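Here is the structure we will look at, set down as structure tokens.
All of these numbers come straight from a predicted model, not from anything done at the bench.
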Amino acid sequence: MSIHLVPSSQLSFKRPLIHGSRETLLVINSGNDPVMFKVKTTAPKQYTVKPNAGRIEPQSQVEVQVMLQSFKEEPPADYKCKDKFLVQWAAIKPVYEALPISEMWGITELEDRESIHQQKLKVNFLAPIPTVNEEQEESEAIMNRSPIVEPIMVRELGKISFSKAEIED
């Protein structure tokens with residue numbers, strides 16, 4: 001049984017978080033047997049996971065949508081999220097083929113716990129991406145603080161040259 005998660009260690013949500021955010025988790029079964037999976041989180045009220053459990057046929061994959069509920073206020077840029085996800089999977093035994101996934105999980109957890117594999121994923125809130133206006137304001141603030149005089153460039157036949165005063169500084 002060979003399951004791979006993409007991303008494999010961290011779910012990264014884009015800002016602004018006041019509008020909510022969505023991330024896709026691929027659960028890939030590169031093995032030759034069907035598997036069942038389920039996704040758990042440490043913050044179930046903060047996230048919607050669809051599907052949160054299911055079956056993956058051999059040499060197939062499932063796209064799991066993880067939706068972060070919107071925040072009332074945007075968290076600080078340096079906020080460290082402590083939320084985590086746990087993806088569990090196990091082979092589907094032929095005798096359980098006809099059962100619903102929830103019943104297969106119940107039986108497996110009671111009778112064959114050691115066959116359950118799992119992988120943890122951390123949650124990361126990406127730094128805000130500055131808008132064009134924010135970048136321009138930052139550039140202007142740097143120029144206003146800087147004692148350097150704006151360079152004067154003269155174009156001559158495709159070459160850039162500097163005035164004598166700039167070179168001496």
Is the shortest side-chain heavy-atom distance between [X] and [Y] below 4.5 Å?
X	Y	answer
Leu121	Pro7	no
Phe85	Leu25	no
Phe37	Pro51	yes
Arg55	Glu97	yes

Side chain to side chain donor-acceptor pair (under 3.5 Å) between Ser12 and Glu23, worked out: CA-CA 7 Å; Ser12 297; Glu23 180 71 15; over 6 Å; no
Where [X] and [Y] come nearest, the two heavy atoms and their spacing:
X	Y	value
Gln61	Leu26	NE2-CD2, 3.8 Å
Ala90	Ser115	CB-O, 3.8 Å
Lys84	Val123	N-CG2, 4.3 Å

Quick check: does any side chain N or O of [X] sit under 3.5 Å from a backbone N or O of [Y], one acting as donor and the other as acceptor?
X	Y	answer
Thr48	Val66	no
Asn124	Leu126	no
Ser21	Leu68	no

All side-chain hydrogen bond (donor to acceptor under 3.5 Å, both in side chains) counterparts of Gln46, not counting sequence neighbours: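 side-chain hydrogen bond (donor to acceptor under 3.5 Å, both in side chains) check on Gln46 returns nothing, list empty.
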Sequence-distant partners of Gln119, side-chain hydrogen bond (donor to acceptor under 3.5 Å, both in side chains), two or more places apart: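 By the side-chain hydrogen bond (donor to acceptor under 3.5 Å, both in side chains) rule, Gln119 matches no residue at all.
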Apart from Val95 itself, residues in the same hydrophobic cluster as defined by side-chain heavy atoms under 4.5 Å: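 Met36, Ile92, Tyr96, Leu99, Ile101, Met104, Trp105, Ile107, Ile116, which link up through side-chain heavy atoms under 4.5 Å apart, make up the rest of the cluster.
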State the [atom1]-[atom2] distance between [X] and [Y], to the nearest 0.5 angstrom.
X	Y	atom1	atom2	result
Thr24	Glu63	OG1	CD	5.0 Å
Ile56	Asp33	CD1	CG	13.0 Å
Arg113	Thr108	CZ	OG1	10.0 Å

Trp89 and His117 aromatic ring geometry - parallel, tilted or perpendicular at 30°/60° bounds: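 The arrangement is parallel - the two ring planes meet at less than 30°.
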Residues forming a side chain to side chain contact (heavy atoms under 4.5 Å, CB included) with Asn52, sequence neighbours excluded: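 Scan of Asn52 (side chain to side chain contact (heavy atoms under 4.5 Å, CB included), adjacent residues dropped) gives Val49.
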Ion pair Lys38/Glu109, N-O distance below 4.0 Å: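 A salt bridge links Lys38 with Glu109.
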Derivation of the side-chain contact (heavy atoms from CB on, under 4.5 Å) call for Val27 and Leu5: CA-CA 5 Å; Val27 185; Leu5 304 179; 3.9 Å; yes
Hydrophobic cluster identity match, Ile3 and Val87, side-chain contacts under 4.5 Å: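 Yes; tracing contacts between hydrophobic side chains, which count when under 4.5 Å, links both residues.
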Qualifying side chain to side chain donor-acceptor pair (under 3.5 Å) pairs with a residue from residues 70-80, counting only residues at least two apart or across chains: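 Checked against side chain to side chain donor-acceptor pair (under 3.5 Å) - neighbours excluded - the pairs reaching residues 70-80 are Arg15-Glu74.
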Under the ring pair (Phe, Tyr, Trp, His ring centres under 6.0 Å) test, residues paired with Phe13 that sit two or more places apart: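 Scan of Phe13 (ring pair (Phe, Tyr, Trp, His ring centres under 6.0 Å), adjacent residues dropped) gives Tyr47.
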Worked verdict on Gln59 versus Ser30 for side chain to side chain donor-acceptor pair (under 3.5 Å): CA-CA 5 Å; Gln59 305 298 317; Ser30 56; 5.8 Å; no
